[in-house]
Protein chains: 2
Amino acid sequence: MAAVENVERAQSQTVTALLALRDLIVNGELKSGDRISELVMVERIGVSRTPLRTALVKLEQEGLIEEIPSGGYAVKAFSEADVFDAIEIRGTLEGLAARYAAERGVAQMRLAELRRCVETIDNTIHTDHMNDADFQTYLHANERFHALLAELSGSPALIREIERVARLPFASASAFVLAEASLPESQRILIIANEHHRAVVEAIENRESARAEAIMREHARLSHRNLMLAMRSQKTLDLVPGSALIRRRA
Amino acid sequence: MAAVENVERAQSQTVTALLALRDLIVNGELKSGDRISELVMVERIGVSRTPLRTALVKLEQEGLIEEIPSGGYAVKAFSEADVFDAIEIRGTLEGLAARYAAERGVAQMRLAELRRCVETIDNTIHTDHMNDADFQTYLHANERFHALLAELSGSPALIREIERVARLPFASASAFVLAEASLPESQRILIIANEHHRAVVEAIENRESARAEAIMREHARLSHRNLMLAMRSQKTLDLVPGSALIRRRA
DNA sequence: AGAATTCATTCTGTATACAGAAATACGAAA
DNA sequence: TTTCGTATTTCTGTATACAGAATGAATTCT
């Protein structure tokens, strides 16, 4: 078992505990339903109970763990429906962000940034076989595109909410990239996704707010399809971040 | 200054601290930008620092306070735009909830509950002058309607998110009721709002999902109008819960 | 008088001690 | 062997002590 270590030296104990706990949960070392014993975690992570408890409160707000009536916390379990809904919520909020961007207008410089992301993604996916470096580049550009879009809404509250729902690992923008790669439909899906990106940039530029909103909603529905495909076998599901939290129905 | 007391005896210190702090912030005793001194609050609320800090972490997640870079928390300030956006986010999420309810179908019994809320509201607003009891009845029925609608989505994640955004006092379902009452347009607005309620129930019953979604979005836009009306004078703005957090622009 | 610097105070982040409640294991009785 | 009751252990919620950092005040120098 890998020891949990501080990668960064300058961070607070609370952040250390938060990252370590999130890691343990997402990687499945703490399984759904498991009670999280504070003393065990104190030993394992190497912080005292105070920052650990602070981290637990934050994780509960994030939705990864839930309070046990008799006290303490347990790791949450997610059904396929839960994941589906989380994706739809993200799509709805990103749709609102795109609409705001289109209605309120954005500087050409920011649009150019979006276009650069689209180009970068184009360059990585139009190849016969993506290697690890391609994946990293793709992941980064995709995350950046979605983060940028949220920012362009100009609404701090909306940015916050999108970040919150995207913090559920299986609802993040790039949750299904790895799973996709192992599918035969892989390249086609990535091409379609990037076409959505291209179209929403165009819609924002033309101030077509309804179109911008609809595109981002449809974009999230690609994730719905990926989810269904990934759920078909444990092998592909294992490639989805946070898959340890998802219980497949019998 | 009213002393902060435990109303319920059986609740935890953390809950005591949370309720007390929320009260102080919403009622404006702690003003926007004020640093929240833990020791002062310990003295004022009568709990130790540990549960107080837990409550602070939760309030930060709720969005009422924010971390100060150098440590500690300060009460957040909200612009008119922030409030506007919070209302729009709530409307968008409630729209999604209504759509889910329509798509997935709900039992007649639950629909009947919704209709009872609509009737109750009808009975309270079709009178020349609403008294305090009418207000309380209205408030209760309105909150219940919105809570029920969230439930009917059948999505725990969505219920959670709606509850979260509605926890901002000025974004709650009934935030503008008191302010409305002091406006000449008062009764007309309440009648329109309840017509929205009636229409969304009908849409859900007929499985008209797009209509159900659109209605709830439009419903939230009534709050937009109320916000603008309330912002015109400090007197009406003071009637909005959490108004102390809203700074009117010069 | 104004600015800079130093010192004292205050505050937060963290660790730890303690008490009451919950969970578990053990033993006795049917 | 199974079930019920009891005792022990473990756990969480809370209070508090401590250290380093930040803030503010006072003093000194220009």
Side-chain angles (χ1 to χ4, degrees), chain A residues 3-25 29-62 64-76, chain B residues 3-25 29-62 64-76:
Chain A
V4 180
E5 296 266 337
N6 272 12
V7 176
E8 311 221 352
R9 292 274 164 242
Q11 73 192 356
S12 71
Q13 299 296 82
T14 301
V15 173
T16 303
L18 185 62
L19 295 180
L21 278 173
R22 196 150 44 197
D23 226 55
L24 289 172
I25 294 171
E29 297 198 49
L30 291 171
K31 283 170 190 147
S32 289
D34 281 1
R35 183 193 207 104
I36 300 179
S37 165
E38 296 180 4
L39 293 179
V40 171
M41 288 305 141
V42 159
E43 182 121 351
R44 202 156 167 188
I45 297 174
V47 302
S48 80
R49 279 187 65 209
T50 305
L52 188 103
R53 295 189 105 246
T54 304
L56 286 173
V57 172
K58 293 193 176 183
L59 280 174
E60 197 258 331
Q61 301 292 324
E62 281 187 22
L64 284 179
I65 64 178
E66 62 190 345
E67 281 192 58
I68 299 174
S70 64
Y73 294 93
V75 180
K76 255 197 188 171
Chain B
V4 181
E5 295 267 337
N6 272 13
V7 176
E8 311 220 351
R9 291 276 165 242
Q11 72 191 356
S12 71
Q13 299 296 80
T14 300
V15 173
T16 303
L18 185 63
L19 295 180
L21 278 173
R22 197 149 44 196
D23 227 55
L24 289 173
I25 293 170
E29 297 198 49
L30 293 170
K31 285 172 189 146
S32 288
D34 281 1
R35 184 192 207 106
I36 300 179
S37 164
E38 296 179 5
L39 293 178
V40 171
M41 288 305 140
V42 159
E43 182 120 353
R44 201 156 168 187
I45 297 173
V47 302
S48 80
R49 280 186 64 208
T50 304
L52 188 103
R53 295 188 105 247
T54 304
L56 286 174
V57 172
K58 294 193 175 184
L59 281 175
E60 198 258 331
Q61 302 291 325
E62 282 187 23
L64 284 179
I65 65 177
E66 62 190 345
E67 282 192 57
I68 298 174
S70 63
Y73 294 93
V75 180
K76 253 196 188 172

_Can you list everything that forms a salt bridge (charged side-chain N to carboxylate O under 4.0 Å, His left out) with A/K76? Sequence neighbours excluded, please._
none
*What is the nucleic acid contact for B/S70, judged by heavy atoms within less than 4.0 Å: base, sugar-phosphate only, or nothing?*
sugar-phosphate
*asked:* Quick check for you: name the first and last nucleotides of DNA chain C, 5' to 3', having an atom under 4.0 Å from a heavy atom of chain A.
replied: C/dT14 to C/dA23
What nitrogen or oxygen pairs link the protein and nucleotides 7-10 of chain D at under 3.5 Å?
none

*Which distance, rounded to the nearest 0.5 Å, do you find between the CE of B/M41 and the CG of B/L56?*
9.0 Å
*Going from CD on A/E43 to CD1 on A/I45, what distance comes out if it is rounded to the nearest 0.5 angstrom?*
11.5 Å
*Shortest non-hydrogen contact from B/Q13 to B/G46?*
NE2-O, 4.2 Å
*Which atom pair, heavy atoms only, marks the closest approach of A/I25 to A/I65?*
CD1-CG2, 3.6 Å
*Enter the distance from A/K58:NZ to B/E60:CD here, rounded to the nearest 0.5 Å.*
6.0 Å
_Heavy-atom closest pair, residues A/V57 and A/Y73_ = CG2-OH, 3.9 Å
*Could you give the CD-to-C1' distance, from B/E38 to D/dA22, as a whole number of Å?*
14 Å
_So A/I68, base contact, sugar-phosphate only, or nothing? Heavy-atom distance under 4.0 Å._
nothing
*Scan A/T14 against the nucleic acid and name what it touches under 4.0 Å (heavy atoms): base, sugar-phosphate only, or nothing.*
sugar-phosphate
*Rounded to the nearest 0.5 Å, what's the gap from CG on A/L24 to CZ on A/R44? Could you check?*
5.0 Å
_Distance in angstrom units between A/Q13 CD and D/dG20 P, rounded_ = 14 Å
